[in-house]
Amino acid sequence: MNPSDQKKYQKCLEDALFEVENYLKSSADAAAAVEPDKGLGRLSRMEAMQDQQLVMEMRRRKKRQLAEIKAAISRLEMGSYGTCIFCTKEISAERLEVSPETQTCISCG
Ligand SMILES: [Zn+2]
């Protein structure tokens, strides 16, 4: 991978890292347990719990993504970014454009 591509993906990864960290910070309250004495009616309490489930699921996904982004950044630093961790072939640019944190080529992923 050439240095200008590396720079481009590093920027993408840093932006993604920032975004995911922001999401995790701002959703922390929404994911906290729904208080039983919030003074909500029965229905709205159920809605609140459903919302909480969605937020928690989203946070799980974002946390996994966060770990992948951090791994990708350290692979960039080590110079192994852009190659598949399983077969060591180059990952296609189209695939990296869509998700710069990806660690596998299309046949292994
Ligand atoms: Zn592969």
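Computed from heavy atoms alone, side chains included, the values below leave out hydrogens, waters and symmetry copies. Predicted model only: the values in this text are computed from it and were never measured. Numbering of ligands and ligand atoms starts at 1, following listing order.
More than 12 non-hydrogen atoms from other residues, nucleotides or ligands lie less than 6.0 angstrom from CG of N2.
A donor-acceptor contact shorter than 3.5 Å links the side chain of Q52 to the backbone of A31.
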Show me the donor-acceptor pairs within less than 3.5 Å that the side chains of residues 9-20 make with the rest of the protein, sequence neighbours left out.
unit_1, atom_1, unit_2, atom_2, d
Q10, NE2, E14, OE2, 3.3
K11, NZ, D15, OD1, 3.1
K11, NZ, D15, OD2, 3.0

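Every residue meeting the side-chain contact (heavy atoms from CB on, under 4.5 Å) condition with S74, not counting sequence neighbours, appears here in chain and number order: E77.
Among protein atoms, those of element N, O or S found less than 2.8 Å away from the Zn ion (ligand 1) are C84 SG, C87 SG, C105 SG, C108 SG.
A donor and an acceptor atom, one from each side chain of T83 and R75, are nowhere located under 3.5 Å apart.
Evaluation of the ring pair (Phe, Tyr, Trp, His ring centres under 6.0 Å) test over residues 89-109, restricted to residues two or more places apart or in two chains, returns none.
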